[in-house]
Amino acid sequence: MIHPRLDYDFYRRDVLEVCPGLIGKVLVRSYPDGSQFRSRITEVEAYRGEEDLACHAARGKTDRNGIMYGEGGYVYVYLIYGMYWMLNVVTGRADEPQAALIRGLEDVSGPGRLTKKIEIDRSFYGLDLVHSGVLWIENHSLPAEYTTAKRIGIDYAGEWKDKPWRFVMGV
DNA sequence: AACACGATTTCG
DNA sequence: GAAATCGTGTTT
């Protein structure tokens, strides 16, 4: 059974289309010793454009969020609270700064805990998910229902804090 | 050069 | 409820 990688066409759509599509897909982390870690994505959040006050692009392009202004299909990682790396997938087309934050996997809950478990840090910034040998996402064609909810930890985002842009696997 | 703070987690 | 901990963006 072949499990194809998600390709550029998958990522280069609006983040609100990509996020529900990511639920149930399989994140693959390949290590230098040849071993691999696989787990289904169970929770993601959408951050959408400069108008979204919760998005890191809300105050324009910077050194940190620059990758979000490019084409979808690349990795955006950043350090939060001086301790945890957040794993994001850039979506949309160039000059449409969007990203999907991977918040949970079947085997580990929490965006900070999952990056620690599968050893993802700053060195993954800008990684090409379509061609990388260390990190990518596969479609195993498994059924995946999801529900939506408000995004977490963005109470400062005014009217944007209540958008139902968190997607969680389940009914 | 200094300062404020965050898309979190853990412990008390 | 509060601390931990530091890179990044903003202000001085």
Side-chain angles (χ1 to χ4, degrees), chain A residues 6 10-25 27 29 37 39-129 135-137 144 146-170:
Chain A
L6 301 185
F10 178 91
Y11 296 112
R12 293 173 183 177
R13 294 175 293 150
D14 190 286
V15 68
L16 294 179
E17 293 179 35
V18 175
C19 276
L22 283 173
I23 298 300
K25 294 299 189 294
L27 184 71
R29 171 74 167 96
F37 170 91
S39 187
R40 296 178 77 188
I41 295 171
T42 59
E43 184 176 352
V44 299
E45 278 180 357
Y47 290 88
R48 186 172 185 270
E50 296 185 338
E51 62 274 15
D52 174 8
L53 294 182
C55 182
H56 285 168
R59 283 183 283 279
K61 189 176 182 178
T62 66
D63 286 342
R64 180 176 69 157
N65 67 25
I67 191 70
M68 295 177 74
Y69 284 77
E71 294 283 350
Y74 297 86
V75 171
Y76 170 43
V77 288
Y78 65 90
L79 184 67
I80 189 68
Y81 299 115
M83 287 171 259
Y84 305 105
W85 295 103
M86 299 289 102
L87 172 63
N88 298 253
V89 172
V90 176
T91 67
R93 307 307 305 263
D95 296 319
E96 292 176 351
Q98 310 180 337
L101 168 65
I102 309 299
R103 291 193 64 90
L105 305 175
E106 266 186 335
D107 295 295
V108 51
S109 296
R113 298 179 67 192
L114 79 88
T115 54
K116 181 177 182 183
K117 172 158 182 166
I118 66 178
E119 299 176 41
I120 287 175
D121 60 22
R122 180 54 187 274
S123 69
F124 285 69
Y125 186 96
L127 196 77
D128 183 342
L129 288 165
L135 184 71
W136 64 91
I137 302 175
Y146 68 90
T147 55
T148 60
K150 295 178 183 178
R151 292 175 294 178
I152 293 175
I154 55 155
D155 286 347
Y156 58 84
E159 62 179 297
W160 297 87
K161 73 179 174 64
D162 295 321
K163 297 285 185 184
W165 289 356
R166 181 154 62 99
F167 301 79
V168 185
M169 190 161 69

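The structure presented is a predicted model; accordingly, all values stated were derived computationally and were not measured. In the text below, chain A, chain B and the rest are named by the order of the sequence lines, each starting its count at 1.
Per the geometry, OH belonging to A/Y76 stands 15 Å off P belonging to C/dG7, to the nearest Å. For the pair A/I152 CD1 and B/dT8 P, the computed distance is 7 Å after rounding to whole Å. One atom, CE of A/M83, and another, C1' of C/dA3, lie 8 Å apart when rounded to the nearest Å. Residue A/Y81 contributes atom OH, which lies 14 Å from atom C1' of C/dT8 at whole-angstrom precision. Residue A/K163 contributes atom NZ, which lies 19 Å from atom P of B/dA7 at whole-angstrom precision. Computed from coordinates, the A/K117 NZ to B/dT9 P distance equals 14 Å when rounded to whole Å. As a whole-Å value, the separation of A/K116 NZ from C/dT5 P is 12 Å. The nearest whole Å value for the distance from the CD1 atom in A/I154 to the P atom in B/dT8 is 10 Å.
Nucleotide C/dT11 forms a pair with B/dA1, judged by Watson-Crick or G-U wobble geometry with both contacts under 3.5 Å. Base pairing analysis places B/dC11 opposite C/dG1; the two distances defining the Watson-Crick or G-U wobble pair are each below 3.5 Å.
Using a 4.0 Å heavy-atom cutoff across all strands shown, A/L101 reaches at least one base atom of the nucleic acid. Using a 4.0 Å heavy-atom cutoff across all strands shown, A/G82 reaches at least one base atom of the nucleic acid. Within the nucleic acid shown, A/R151 has no heavy atom closer than 4.0 Å to any nucleic acid atom. At the heavy-atom level, A/D63 lies under 4.0 Å from the strands shown only through sugar-phosphate atoms.
A side-chain contact (heavy atoms from CB on, under 4.5 Å) with A/L27 is found for exactly one of A/L129, A/V89, A/L87, namely A/L87.
The phosphate of C/dG9 has OP1 or OP2 within less than 4.0 Å of a side-chain N or O from A/T62. Residue A/Y156 places none of its side-chain N or O atoms closer than 4.0 Å to OP1 or OP2 of B/dC5. OP1 or OP2 of B/dA7 has not a single side-chain nitrogen or oxygen of A/R166 nearer than 4.0 Å. The shortest distance between the side-chain N/O atoms of A/R103 and the OP1/OP2 oxygens of B/dT8 is below 4.0 Å.
Between A/T42 and A/E106, the side chains place no donor N or O within less than 3.5 Å of an acceptor N or O (distance only, hydrogens not considered). A donor-acceptor pair shorter than 3.5 Å cannot be found between the side chains of A/Q98 and A/Y11.
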Just do the side chain to side chain contact (heavy atoms under 4.5 Å, CB included) check on A/F37 and A/L105 with the steps written out, would you? CA-CA 11 Å; A/F37 170 91; A/L105 305 175; 4.0 Å; yes

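Both A/R122 and A/Y84 lie close to DNA chain C; mapped to their nearest nucleotides by heavy-atom distance, the more 5′-ward contact belongs to A/Y84.
The residues A/R103 and A/E45 are annotated as salt-bridged, a charged nitrogen and a carboxylate oxygen being separated by less than 4.0 angstrom.
Between C/dT10, C/dG7, B/dA7, one nucleotide has an atom nearer to the side chain of A/H56 than all others, and that is B/dA7. Checking C/dT8, B/dT10, C/dG7 against every side-chain atom of A/L79, the shortest atom distance belongs to C/dG7.
The line from CE of A/M86 to CD1 of A/I102 is 11.5 Å long, rounded to the nearest 0.5 Å.
Rounded to whole Å, the P atom of B/dA2 lies 22 Å from the corresponding atom of C/dT5.
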